[in-house]
Amino acid sequence: MRIGLIGLGKMGGNMRERLRRNGVEVVGLDHNPDISDARDEADLVSQLEGPRVIWLMVPIDVVDPLIRTLKPLLSPGDIIIDGGNSKWTHDAKHAEYLADAGIEFLDVGTSGGVWGLENGYALMVGGPEEAVAIAMPVFEALKPEGEFGFVHAGSHGAGHFAKMVHNGVEYGLMQAYAEGWELLEAAPIVTNVPAIFESWREGTVIRSWLLDLMVRALEADPHLDEIEGYAEDSGEGRWTVNAAVDLAVPVPTIAASLFARFVSRQEDSPAMKMVAAMRNQFGGHAVQVSKD
Ligand SMILES: O=C(O)[C@H](O)[C@@H](O)[C@H](O)[C@H](O)COP(=O)(O)O
């Protein structure tokens with residue numbers, strides 16, 4: 001099988017490599033011509049046979065223009081797969097836009113990060129069964145070797161919805177581990193925090209790959225002295241909380257972990273200034289005077 005892969009960055013570049021290792025031919029296209037196999041979208045399409053499968057691994061804002069560029073180049077039965085961290089609400093719109101040309105659309109939530117090349121990528125797929133069946137050799141080549149790591153989650157959008165929730169869970173898990181680490185670091189009786197995390201890797205209820213990665217981070221920097229307590233977010237956590245609000249599902253842990261990231265970006269807290277000011281107003285409680 002030969003497919004087109006557009007976007008050869010950190011994720012897409014490694015995916016091309018894993019696909020090739022597992023016997024899938026790949027025509028890659030990237031804005032960087034040095035790593036591209038094709039000159040442009042038309043050249044990429046001309047190198048594939050129908051039904052063509054084209055996997056997009058690009059930032060969310062590039063997906064829509066790319067689908068518009070590809071549509072007139074493709075034929076009925078061809079399949080566009082959005083494997084990036086796109087918002088699930090976009091998927092049904094893309095499927096509808098392509099439907100009159102007989103082009104299929106699949107959304108795939110892809111997990112595994114930079115480790116996916118060796119470990120495989122967990123894939124959460126949304127879209128019609130027939131298109132999933134045609135693309136199956138691609139999924140087989142990308143997924144982890146074991147029994148798990150692949151799901152056809154439902155109709156258009158279900159793959160990205162599943163990945164969004166996965167990332168919401170990721171936020172909550174990371175926050176819980178991180179808070180536990182801070183508490184252990186603060187306790188004077190505890191002398192070897194990295195060893196505690198290392199010991200937790202086997203036998204405990206909370207052993208996990210994220211825990212393994214924490215141990216790795218602490219091996220490199222035992223007290224994390226070298227980095228700032230500042231965490232970005234790429235949107236999936238916000239979408240999870242938005243979806244939970246829409247469906248009236250309580251997700252306090254995920255919401256708190258999202259807000260903790262926002263707090264991490266503040267040098268000072270305007271809200272806590274106001275709390276301090278009010279305590280001072282009603283109770284005469286002392287405030288810390290600004291150093292500026
Ligand atoms: O499953 C994965 O491989 C990760 O979740 C991956 O998708 C990525 O690292 C996150 O998008 C980071 O998300 P934040 O920037 O929102 O933390």
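Start at 1 with the first residue, then count along the sequence. In each ligand, atom 1 is the first atom listed, and ligand 1 is the first ligand listed.
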Margin query: Within the structure, is a non-hydrogen atom of Gly113 found at a distance of less than 4.0 Å from ligand 1?
Written below: yes
Numbered in order shown, the ligand 1 atoms found under 4.0 Å of a heavy atom of Asp233 are 15 (O), 16 (O)
Closest to atom 16 (O) of ligand 1 among protein heavy atoms sits Tyr171 OH, 2.5 Å
Decide, yes or no, whether a salt bridge links Asp37 with Arg16 under the criterion of side-chain N to carboxylate O below 4.0 Å. yes
(Q) If the threshold is 4.0 Å, N to carboxylate O, is there a salt bridge linking Arg68 and Glu41? (A) no
Looking only at non-hydrogen atoms, the one of Glu236, His166, Lys163 nearest atom 7 (O) of ligand 1 is Lys163
For atom 13 (O) of ligand 1, the closest protein heavy atom turns out to be Ser234 OG, 3.6 Å
May I ask you to decide if Tyr121's main-chain N or O and Arg18's side chain share a donor-acceptor pair within less than 3.5 Å?
-> no
among protein heavy atoms, the one nearest atom 17 (O) of ligand 1 is Arg261 NH1, 2.7 Å
In this structure, atom 4 (C) of ligand 1 is nearest to the protein heavy atom Glu170 OE1, 3.5 Å
closest protein heavy atom to atom 10 (C) of ligand 1 is Asn167 ND2, 3.6 Å
Q. In terms of the angle between their ring planes, are Phe105 and His156 parallel, tilted or perpendicular, with boundaries placed at 30° and 60°?
A. tilted
| said: Whether Lys87 and Asp82 form a salt bridge (side-chain N of Lys/Arg under 4.0 Å from carboxylate O of Asp/Glu) is what I want to check. | reply: no
For atom 1 (O) of ligand 1, the closest protein heavy atom turns out to be Ser111 OG, 2.5 Å
Requested in this report: Tell me, yes or no, whether the heavy-atom count around Gln266 atom CD, taken from other residues, nucleotides or ligands under 6.0 Å, exceeds 12.
Outcome: yes
Count the heavy atoms of every other residue, nucleotide or ligand shown that sit under 6.0 Å from CE of Met136, and state whether that count exceeds 12. yes
Review point. Taking His166 for the side chain and Gly109 for the main chain, is one N or O donor matched with an acceptor at less than 3.5 Å?
Key: no
The answer for which part of Lys10 has a heavy atom under 4.0 Å from ligand 1 is neither
re atom 8 (C) of ligand 1, the protein heavy-atom contact at minimum distance is Asn85 ND2, 4.2 Å
Atom 3 (O) of ligand 1: closest protein heavy atom, distance to 0.1 Å, is Gly112 N, 2.9 Å
